[in-house]
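The figures that follow rest on heavy atoms only: side chains count, while hydrogens, waters and symmetry mates do not. Note on naming: letters A, B, ... go to the chains in the order of the sequence lines (proteins, then strands), and numbering restarts at 1 for each one.
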Amino acid sequence: MLQIAADRRLRARDERDVRAIATRMFRLGDNLAPFYTMIENDPDLQWARAGAGRMLASPTVFEDVIRTICTTNCAWSATTRMITALVQLGGGAFPNPSLLARTKDAWFADVARMGYRGPYVRAIAADVVNGKLDLEALLPEHGLGEDEVEERLLALPGVGPYAAAHIMQLLGFHHRLILDSWTRPTFLKLSKMKRASDTTIRRRFARYGRFAGLAFWLYLTRRWHEEA
DNA sequence: CGTCCAGGTCTAC
DNA sequence: GGTAGACCTGGACGC
């Protein structure tokens, strides 16, 4: 059960918005039943049938895209620093595209210290504002195919194979594996393999079909769930 | 102090 | 289509 508390009575319209945001953040629209059936007798993953597999998303696709760009090619400490700065800019909430589009380059460089990512983020925000880019249309309920969604994500500046796979997991497309400098060594450790190319890893998870990426992620994060 | 690299991507061959 | 080199930043590490 999911309970949402508010400090006041919500108007009908606000309540609808809150429901939509919660549905999006917890990926309540995802149907993982086929995946759970798939892992019924899977020694590595059957534990996940208890309800695992819904990665926490942001209220908007835009926010997930920008956050993910802030994870690329830097230490995790840098990611949290950049995102903390963005939330400060937004006055405690993640800044919307309009605010980011009209924020000066100098802020991205000197305050958020986002380096080369700053212009990428601004360009994406500007395209959302001027209507050239509709990121929210990438949500699975809008009917675009997985390949089409991936293609559109890869077209964004700063979004490559890793970022696209990561964002797609958050959207509810579970095919692509998130391969980066954390998942690769973690896979080696857990599988007790000495080395494994990306192709080898993909082959290992190909049997999960369109849930291959989700299976890979759950395989890697099993210990996170045991703690809880 | 210089080099390397962290939850990669882009450009130019 | 596949692969070097460059790229902001800052923390870790060797010298």
Side-chain angles (χ1 to χ4, degrees), chain A residues 27 52-58 61-89 94-95 100 103-128 132-133 135 138 147 149-171 173-191 193 195-205 212-225 227:
Chain A
R27 303 283 342 128
R54 297 174 196 281
M55 288 173 70
L56 184 63
S58 301
V61 180
F62 173 75
E63 181 173 339
D64 278 333
V65 168
I66 305 306
R67 280 178 183 271
T68 301
I69 289 176
C70 291
T71 68
T72 58
N73 194 29
C74 64
W76 194 250
S77 58
T79 297
T80 55
R81 181 173 41 68
M82 287 184 255
I83 292 177
T84 299
L86 286 167
V87 171
Q88 263 171 18
L89 176 70
F94 197 86
L100 285 185
T103 297
K104 295 188 190 312
D105 290 328
W107 182 89
F108 289 92
D110 304 335
V111 181
R113 310 210 52 82
M114 294 177 62
Y116 64 84
R117 299 172 197 77
Y120 294 166
V121 167
R122 252 199 98 189
I124 292 172
D127 278 353
V128 170
K132 266 191 256 178
L133 183 61
L135 292 176
L138 302 181
D147 291 341
V149 170
E150 180 177 36
E151 194 177 316
R152 293 195 192 188
L153 287 172
L154 290 174
L156 301 174
V159 175
Y162 149 77
H166 193 287
I167 295 164
M168 288 177 77
Q169 282 299 321
L170 297 174
L171 288 170
F173 294 104
H174 303 297
H175 183 57
R176 293 295 186 203
L177 276 63
I178 300 172
L179 291 160
D180 60 30
S181 64
W182 181 77
T183 59
R184 291 188 183 96
T186 301
F187 172 76
L188 288 183
K189 198 166 60 174
L190 294 176
S191 68
M193 291 171 72
R195 51 183 309 143
S197 67
D198 289 354
T199 305
T200 301
I201 299 176
R202 284 197 196 89
R203 261 205 293 269
R204 160 78 174 71
F205 287 88
L214 181 61
F216 180 54
W217 186 254
L218 289 172
Y219 181 82
L220 298 178
T221 60
R222 181 174 186 167
R223 305 198 66 169
W224 298 0
H225 298 81
E227 285 171 17

**Message:** Between A:Gly158 and A:Ala75, which residue's closest nucleotide on DNA chain B lies nearer the 5′ terminus?
**Reply:** A:Ala75

**Prompt:** Does B:dG7 have a Watson-Crick or wobble mate here (both distances under 3.5 Å), and if so which one?
**Reply:** none

**Prompt:** So what does A:Gly115 touch, heavy atoms closer than 4.0 Å: a base, only the sugar-phosphate, or nothing?
**Reply:** base

**Complete:** Rounded to whole Å, the CG-P distance (A:Asp198 to B:dT9) equals 12 Å

**Request:** Round to the nearest Å and state the distance from A:Ile66 atom CD1 to B:dT9 atom P.
**Result:** 14 Å

**Message:** Suppose you measure atom P in B:dC1 against the same atom in C:dC8; what distance do you get, rounded to whole Å?
**Reply:** 23 Å

**Between C:dT9 (C1') and A:Ile83 (CD1): distance, integer Å** = 15 Å

**Asked** Rounded to the nearest Å, what distance is computed from the OH atom of residue A:Tyr162 to the C1' atom of nucleotide B:dG7?
**Response** 5 Å

**Item:** Protein-nucleotide distance (A:Tyr120, atom OH; B:dT9, atom P), rounded to Å
**Value:** 10 Å

**Message:** Does a side-chain N or O of A:Ser181 approach OP1 or OP2 of B:dG8 to a distance below 4.0 Å, or not?
**Reply:** yes

**Request:** Sticking with atom P, work out how far C:dG1 lies from B:dG8, rounded to a whole angstrom.
**Result:** 25 Å

**Prompt:** What is the base-pairing partner of C:dC8, counting Watson-Crick and G-U wobble geometry with both distances under 3.5 Å?
**Reply:** none

**Request:** Locate the shortest heavy-atom distance separating A:Leu86 from A:Cys70; write the atom from each residue and the value.
**Result:** CD1-SG, 4.2 Å

**Request:** Find the distance A:Met82:CE to C:dC7:P and express it as a whole number of Å.
**Result:** 18 Å

**Shortest side-chain distance from A:Ala163, nucleotide among B:dG8, B:dT9, C:dC8** = B:dT9

**Prompt:** Between A:Phe187 and A:Arg204, is there a cation-pi geometry (under 6.0 Å to ring centre, at most 45° from the normal)?
**Reply:** no

**Prompt:** Is any side-chain nitrogen or oxygen of A:Arg113 closer than 4.0 Å to OP1 or OP2 of C:dC8?
**Reply:** no

**Item:** Per A:Trp182 side chain, nearest of listed nucleotides B:dG8, B:dG7, C:dT9
**Value:** B:dG7

**Item:** Atom CZ of A:Arg176 with >12 non-hydrogen neighbours under 6.0 angstrom
**Value:** no

**Request:** Using heavy atoms to find the nearest nucleotide of DNA chain B for A:Asp180 and A:Leu154 separately, return the residue whose nucleotide is more 5′.
**Result:** A:Asp180

**Message:** If I take atom CH2 in residue A:Trp217 and atom C1' in nucleotide B:dG7, what distance separates them, rounded to the nearest angstrom?
**Reply:** 8 Å

**Prompt:** Do A:Leu214 and A:Gln169 come within less than 4.5 Å of each other through their side chains, counting heavy atoms only?
**Reply:** yes

**Message:** Classify the ring geometry of A:Tyr219 against A:Phe205: parallel below 30°, tilted from 30° to 60°, perpendicular beyond 60°.
**Reply:** perpendicular

**Prompt:** Distance between the P atoms of C:dC15 and B:dC5, in whole angstroms?
**Reply:** 14 Å

**Request:** Check every atom of C:dT9, B:dG7, B:dT9 against the side chain of A:His166 and return the nucleotide holding the closest atom.
**Result:** B:dG7

**Item:** Rounded distance (Å) that lies between atom C1' of B:dC5 and atom CZ of A:Arg184
**Value:** 14 Å

**Prompt:** Which atoms form the tightest heavy-atom contact between A:Ala163 and A:Gly158, and what is the distance?
**Reply:** CB-O, 4.4 Å

**Message:** Under 4.0 Å, counting only non-hydrogen atoms across every strand here, what does A:Leu179 touch: a base, just sugar-phosphate, or nothing?
**Reply:** nothing

**Message:** By nearest atom, which of the nucleotides C:dG10, C:dC8, B:dG7 is closest to the A:Trp76 side chain?
**Reply:** B:dG7

**Message:** Please report the distance separating the P of C:dA4 from the corresponding atom of B:dG7, rounded so that it comes out in whole Å.
**Reply:** 23 Å

